Undergrad: 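Can you read through this structure? Questions will come right after.
Keep in mind the model is a prediction, meaning the values are calculated, not measured.
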Amino acid sequence: MQAPGFWWRDEATLTARLLAPLGAIYGGLAARRMARAGAEAPCPVVCIGNFTLGGAGKTPTALAVAGLLRGLGRRPVFLSRGYGGRLPGPVRVDPARHGAAEVGDEPLLLARAAPAIVSRDRVAGARACREAGADVVVMDDGLQNPSLAKTLVIAVVDGAVGLGNRRVFPAGPLRAPAEAQWGQVHAALVIGDGAPGARVLAEAERRGLPALRGRLLPDPAAAGRLRGRPVLAFAGIGRPEKFFATLREIGADLRATRAFPDHHAFTAVEAESLAAEAAAQDLLLVTTEKDRVRLPTALPVATLPVKLALEEPDAVSALLRGL
């Protein structure tokens with residue numbers, strides 16, 4: 001789904017207030033579910049989650065955490081539900097033979113860096129990670145899923161929007177009441193600038209939790225190729241406008257944009273239409289790495305990869321050493 005704009009306003013709109021009773025029911029069920037005890041995994045589990053629906057930078061964070069773990073001599077294996085994929089798993093992702101329709105988009109990106117297991121059953125997935133050689137499981141998403149006990153939970157927050165209007169779906173972006181979620185979190189990581197993110201960091205500090213900062217940096221080579229180029233940009237992520245803003249920041253000449261829902265399964269007709277529109281206006285078609293894996297390989301489209309840069313990587317390493 002594409003997040004409605006009223007979710008990200010500081011004050012609740014009339015729509016949010018009208019939807020609040022549904023949010024209270026959904027939130028109550030989610031909070032009770034989160035309170036359940038999870039099954040113990042065969043090795044430590046690091047969960048990279050977020051408070052809200054939509055993207056916050058979890059996958060780049062999971063990749064960064066896995067890199068730090070390898071630097072500490074650990075053997076991380078990724079675990080993902082495989083949202084958007086049809087395979088229930090457990091299955092080890094092989095980018096050479098699996099596509100996004102089978103395992104989801106994010107696991108294909110994760111599998112480039114370390115072994116990745118897709119499993120809707122997180123407990124069975126953790127066992128499969130261990131069988132794949134893991135001494136630490138890095139779980140992309142799953143903060144609200146109680147089935148597997150988590151050793152370390154890092155909540156990732158988009159600094160530009162924070163927790164939005166702080167209401168629970170559908171009245172707001174929260175997946176469960178904020179208080180219920182804070183009780184499961186060991187550290188908060190805010191990616192990017194903004195007053196909403198600063199408020200989340202202040203809340204983490206008030207609770208005695210590590211308050212971490214980072215930012216997504218575009219790949220310099222890809223940014224250089226896009227600088228000054230007239231482009232048609234499109235994205236099916238949590239907040240497509242964040243991708244469009246990044247393109248402007250690196251100096252791309254953004255002539256047109258097309259926003260799609262998060263994890264959008266592009267049809268052949270949509271892909272052909274985007275390519276035809278770009279060609280007709282002599283524009284370069286550009287999208288995110290996550291969107292690229294959901295598109296036909298023959299589609300002429302550039303990507304702008306991003307990487308998480310942590311302001312205090314030593315602080316995150318200290319958390320990981322505690323495993």
Side-chain angles (χ1 to χ4, degrees), residues 1-5 7-8 48 50 52-64 83-84 100 104-110 112 140-141 156-162 164 173 189-194 196-197 213-267 270-271 273-275 277-278 281 283-296 299-309:
M1 66 171 291
Q2 199 158 345
W7 278 6
W8 309 114
I48 310 299
N50 66 330
T52 62
L53 294 162
K58 294 188 300 297
T59 299
T61 302
L63 289 165
Y83 185 87
D105 47 23
E106 288 148 348
L108 289 171
L109 301 180
L110 296 171
R112 297 175 184 175
D140 187 2
D141 208 357
V156 183
V157 178
D158 182 342
V161 295
L189 168 64
V190 171
I191 298 179
D193 299 322
R213 287 185 176 274
R215 60 182 60 254
L216 296 178
L217 300 181
D219 176 75
R225 289 190 293 269
L226 292 171
R227 191 169 297 116
R229 295 285 299 275
V231 303
L232 187 162
F234 68 99
I237 57 177
R239 285 206 312 118
E241 59 272 18
K242 184 165 60 173
F243 174 61
F244 304 149
T246 300
L247 287 170
R248 293 187 182 96
E249 288 169 6
I250 65 168
D253 182 5
L254 207 60
R255 300 285 183 87
T257 62
R258 301 288 179 267
F260 295 87
D262 197 13
H263 299 284
H264 181 67
F266 293 97
T267 65
E270 286 172 330
S273 176
L274 286 164
E277 183 181 357
Q281 301 179 55
L283 303 177
L284 176 66
L285 198 60
V286 61
T287 192
T288 69
E289 278 195 303
K290 195 170 90 165
D291 287 293
R292 184 66 185 93
V293 299
R294 285 183 269 115
L295 291 160
L299 185 73
V301 56
T303 61
L304 180 62
V306 294
K307 184 178 181 179
L308 177 66

Undergrad: Which atom names give the shortest non-hydrogen contact between T287 and R292, and what distance separates them?
TA: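 Closest heavy-atom pair between T287 and R292: CG2-N, 4.1 Å.
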Undergrad: I need the minimum non-hydrogen distance between V306 and P218, along with the two atoms involved.
TA: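 Residues V306 and P218, closest heavy atoms: CG1-CA, 4.0 Å.
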Undergrad: Under the side chain to side chain donor-acceptor pair (under 3.5 Å) rule, collect the residues that match up with T59, sequence neighbours excluded.
TA: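 Listed in chain order: D140.
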Undergrad: Do L274 and V301 come close enough that some side-chain heavy atom pair is under 4.5 Å?
TA: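 Not touching, per the 4.5 Å side-chain cut-off.
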Undergrad: Is any side-chain heavy atom of P60 closer than 4.5 Å to one of L216?
TA: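 When only atoms from C-beta onward are counted, P60 and L216 do touch, with a gap below 4.5 Å.
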Undergrad: Might you point out which heavy atoms bring D262 and K290 nearest each other, and give the distance in Å?
TA: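 What the structure gives for the nearest pair is OD1-NZ, 3.3 Å.
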Undergrad: Show me the pairs that pass ring pair (Phe, Tyr, Trp, His ring centres under 6.0 Å) and involve residues 213-235, at least two apart or across chains.
TA: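 Passing the test, one end in residues 213-235: F234-F266.
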Undergrad: Which heavy atom of G236 sits nearest to which heavy atom of R294, and what is that distance?
TA: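 Closest approach of G236 to R294, heavy atoms only: O-NH2, 3.1 Å.
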Undergrad: Just how far is it from atom CD1 of I237 to atom CD of E289, taken to the nearest 0.5 Å?
TA: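 Answer rounded to 0.5 Å: 12.0 Å.
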Undergrad: Locate the shortest heavy-atom distance separating A309 from L217; write the atom from each residue and the value.
TA: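 For A309 versus L217, the nearest heavy atoms are CB-CD1, 3.5 Å.
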Undergrad: Do R213 and L189 make a side-chain contact, defined as non-hydrogen atoms from C-beta onward lying under 4.5 Å apart?
TA: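 They are not in contact (no side-chain heavy atoms under 4.5 Å apart), so the answer is no.
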Undergrad: Any salt bridge linking D253 with R248? Criterion: basic side-chain nitrogen under 4.0 Å from a carboxylate oxygen.
TA: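 The answer is no: the pair does not qualify as a salt bridge.
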Undergrad: Compare all side-chain heavy atoms of T288 with those of L304 and state whether any distance is below 4.5 angstrom.
TA: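 Contact flag for T288/L304 side chains = no.
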Undergrad: Nearest 0.5 Å, what's the NZ-OG1 distance between K58 and T61?
TA: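 Reported value, rounded in 0.5 Å steps: 9.0 Å.
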Undergrad: With sequence neighbours excluded, tell me which residues meet side chain to side chain donor-acceptor pair (under 3.5 Å) with T52.
TA: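 Partners of T52 by the side chain to side chain donor-acceptor pair (under 3.5 Å) criterion come out as none, since no residue qualifies.
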Undergrad: Can you list every side chain to side chain donor-acceptor pair (under 3.5 Å) pair that touches residues 214-231, not counting sequence neighbours?
TA: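 Non-adjacent pairs meeting side chain to side chain donor-acceptor pair (under 3.5 Å): D193-R215.
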Undergrad: Identify, with sequence neighbours excluded, every residue that meets side chain to side chain contact (heavy atoms under 4.5 Å, CB included) alongside V286.
TA: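 Here the qualifying residues are L226, V231, A233, F243, L247, A302.
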Undergrad: So do the side chains of V156 and I191 get within less than 4.5 Å of each other, counting heavy atoms only?
TA: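 Counting from C-beta outward, V156 and I191 do come under 4.5 Å.
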Undergrad: Please report the shortest heavy-atom distance between A271 and L299, naming the atom on each side.
TA: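 In terms of heavy atoms, the two residues are closest at O-CD1, 3.4 Å.
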Undergrad: Looking at side-chain heavy atoms only, is the closest gap between R239 and D158 below 4.5 Å?
TA: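 In short, these two side chains touch, coming nearer than 4.5 Å.
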Undergrad: For E277, what residues pass the side chain to side chain donor-acceptor pair (under 3.5 Å) criterion, not counting sequence neighbours?
TA: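 If we apply the side chain to side chain donor-acceptor pair (under 3.5 Å) test to E277, skipping adjacent residues, the hits are R258.
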Undergrad: Considering only heavy atoms from C-beta outward, does the side chain of W7 approach that of L53 to under 4.5 Å?
TA: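 Sidechains of L53 and W7: in contact.
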Undergrad: Which value, rounded to the nearest 0.5 Å, describes the distance between L285 atom CG and T303 atom OG1?
TA: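 L285 atom CG to T303 atom OG1 measures 11.0 Å (nearest 0.5 Å).
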Undergrad: Report yes if the side chains of P240 and F260 come closer than 4.5 Å at any heavy-atom pair, otherwise no.
TA: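 No, every pair of side-chain atoms sits at 4.5 Å or beyond.
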